[in-house]
Amino acid sequence: MQIEIIHEVNLTKADDAAIGALLSHAFGQIGDDDFEGRSYHKQRHHLRVLGRVDDHLVGHIALTFRMVTLGCETLPVIGLAEVATHPDHSGKGVATALLEEAMRLASGTQAEFILLFGDHPIYTRRGFRPVQNELRYVGIEGGRTGTVITRATKHLKVMALGDQKWDDAASLDLLGHIF
Ligand SMILES: CC(C)(COP(=O)(O)OP(=O)(O)OC[C@H]1O[C@@H](n2cnc3c(N)ncnc32)[C@H](O)[C@@H]1OP(=O)(O)O)[C@@H](O)C(=O)NCCC(=O)NCCS
């Protein structure tokens, strides 16, 4: 498998369509929502890690670089999203290889933590820790900005990149949409 890193602004229409098709295939319906061919769930990202075999897209992870506020402190984080492997290539280490590449990229940034929302064992095996901070973010439904949502965190995983400690009791404000 070849791993390619593409900045969001450099994605071609063909890449965008291939990612959208992969995400629709891998995730299907998510609640009342699905990807409907989009290459992102709620909003665009900053960097894509793509796995290709013979020019076919077989795996994907998106990275988003942003500020969040944990308790009273505003911190830079990398959010990982849309981790997907084409079903024909599952169980061959595609997601593992792309996750390791995403972690390597994140560790070269100013981010203090990597965050993701997901429950697959791949994350805890690679050192991500489940946390349950109260979460605050701006809802987006059907391409429209909704209300500010405050709720218990579901599925949040955290990995520290530096010396800073994650405060498990603090509320987490995503300063915008959820990734
Ligand atoms: C989850 C997903 C990305 C895994 O991709 P993959 O390329 O098959 O994963 P890998 O081959 O790298 O396997 C990763 C690990 O998960 C294990 N694994 C793979 N599929 C699994 C499954 N269905 N159930 C439990 N473990 C599984 C592998 O044995 C491997 O274990 P290891 O870390 O001990 O080596 C892929 O199944 C997928 O796209 N699923 C649909 C979308 C999704 O749920 N994304 C994750 C959102 S949290």
Side-chain angles (χ1 to χ4, degrees), residues 1-6 8 11 14-66 68 77-107 111 113-133 135 137 139-141 149 151-161 166 168 172 174 176-179:
M1 179 176 70
Q2 286 176 329
I3 297 182
E4 202 177 331
I5 295 141
I6 305 184
E8 192 77 16
L11 280 176
D15 286 334
D16 220 41
I19 295 167
L22 172 67
L23 297 182
S24 291
H25 212 97
F27 284 96
Q29 189 87 10
I30 310 170
D32 297 334
D33 203 3
D34 76 18
F35 283 92
E36 296 172 331
R38 295 189 311 276
S39 66
Y40 57 91
H41 189 213
K42 297 296 184 187
Q43 184 52 278
R44 285 197 169 276
H45 300 282
H46 296 119
L47 209 59
R48 308 290 186 133
V49 181
L50 305 183
R52 295 195 213 263
V53 172
D54 298 334
D55 285 340
H56 294 291
L57 184 65
V58 300
H60 168 270
I61 299 184
L63 281 77
T64 295
F65 182 42
R66 60 196 277 177
V68 299
V77 301
I78 293 282
L80 300 187
E82 278 102 74
V83 179
T85 295
H86 192 284
D88 292 349
H89 294 263
S90 68
K92 297 177 184 166
V94 169
T96 300
L98 298 185
L99 183 61
E100 283 170 1
E101 180 64 11
M103 289 162 61
R104 188 189 67 77
L105 288 165
S107 67
F113 297 95
I114 309 177
L115 306 183
L116 64 85
F117 294 90
D119 281 330
H120 198 276
I122 189 174
Y123 305 125
T124 42
R125 278 190 206 138
R126 294 291 172 300
F128 283 86
R129 192 168 68 83
V131 290
Q132 297 184 336
N133 304 71
L135 191 64
Y137 61 95
I140 296 177
E141 291 302 333
I149 297 167
R151 63 166 169 83
T153 310
K154 280 190 199 157
H155 322 300
L156 179 61
K157 307 280 179 298
V158 173
M159 177 184 284
L161 292 171
W166 184 266
D168 287 9
L172 174 62
L174 295 183
H177 61 279
I178 197 163
F179 47 82

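Whatever order the structure lists them in is the order used to number ligands and atoms, beginning at 1. Worth saying up front: this structure is predicted, and the values here are computed from it rather than measured.
- Side chains of L172 and L156 form a contact here, defined as non-hydrogen atoms less than 4.5 Å apart.
- Within ligand 1, counting atoms from 1 as listed, the ones closer than 4.0 Å to a heavy atom of V83 are 3 (C), 42 (C), 43 (C), 45 (N), 46 (C).
- Taking each of L22, T85, V58 in turn, the one with a heavy atom nearest to atom 39 (O) of ligand 1 proves to be T85.
- Between R66 and L174, the closest side-chain pair of non-hydrogen atoms falls below 4.5 Å.
- If you look at R126 next to ligand 1, the close heavy atoms, those under 4.0 Å, all belong to the side chain.
- Considering I61, L63, T64, L11 as possible partners of H45, the one that fulfils the side-chain contact (heavy atoms from CB on, under 4.5 Å) test is T64.
- Between atom CD of residue E4 and atom CG of residue L98 there is a gap of 11.5 Å, rounded to the nearest 0.5 Å.
- At a distance under 4.0 Å, a protein heavy atom can be found next to atom 5 (O) of ligand 1.
- Interface of T96 with ligand 1, defined as ligand atoms under 4.0 Å from a residue heavy atom, comprises 10 (P), 12 (O), 13 (O), 14 (C).
- Taking a distance limit of 4.0 Å, we find that atom 9 (O) of ligand 1 is approached by some protein heavy atom.
- Remark: atom 16 (O) of ligand 1 lies closer than 4.0 Å to at least one protein heavy atom.
- For atom 20 (N) of ligand 1, the nearest non-hydrogen atom from the set H25, M1, H120, H86 belongs to H120.
- In terms of polar-atom proximity, R125 is counted as a contact of ligand 1, with an N or O under 3.5 Å from an N or O of the ligand.
- The CD1 atom of I3 sits 9.0 Å away from the CD atom of E100 when rounded to the nearest 0.5 Å.
- The ligand atoms of ligand 1 that sit less than 4.0 angstrom from a heavy atom of Y123 are 46 (C), 47 (C), 48 (S).
- In this structure, K154 and Q132 have side chains that are not in contact, with every pair of non-hydrogen atoms separated by 4.5 Å or more.
- Within ligand 1, the atoms closer than 4.0 Å to a non-hydrogen atom of K92 are 11 (O), numbered from 1 in the order shown.
- For ligand 1, the atoms sitting less than 4.0 Å from at least one non-hydrogen atom of G118 are 48 (S), numbered in the order shown with element in parentheses.
- Ring geometry for F113 against W166 counts as perpendicular: the plane angle is over 60°, on a 0 to 90° scale with 30° as the lower cut.
- Side-chain contact between Q2 and L50 is absent, with no heavy atoms from C-beta onward closer than 4.5 Å.
- Protein heavy atom closest to atom 44 (O) of ligand 1, with residue, atom name and distance, is F27 CE2, 4.1 Å.
- Near S90, with a cut-off below 4.0 Å to any heavy atom, the atoms of ligand 1 are 8 (O).
- Protein heavy atom at the shortest distance from atom 11 (O) of ligand 1 is G93 N, 2.7 Å.
- At a threshold of 4.5 Å between non-hydrogen side-chain atoms, the residues F65 and L47 do not count as touching.
- Considering only non-hydrogen protein atoms, atom 40 (N) of ligand 1 sits nearest to A26 O, 4.6 Å.
- Side-chain contact check for L80 versus Y123: every heavy-atom pair is 4.5 Å or farther apart.
- For atom 3 (C) of ligand 1, the closest non-hydrogen atom on the protein side is A95 CB, 3.7 Å.
- At a 4.0 Å heavy-atom cut-off, ligand 1 touches I122 through the side chain alone.
- The N/O atoms of G91, backbone and side chain alike, include one that comes under 3.5 Å of an N/O atom in ligand 1.
- Side-chain contact between V83 and L116 is absent, with no heavy-atom pair separated by less than 4.5 Å.
- In this structure the side chain of H25 never reaches within 4.5 angstrom of the side chain of F35, judged on heavy atoms.
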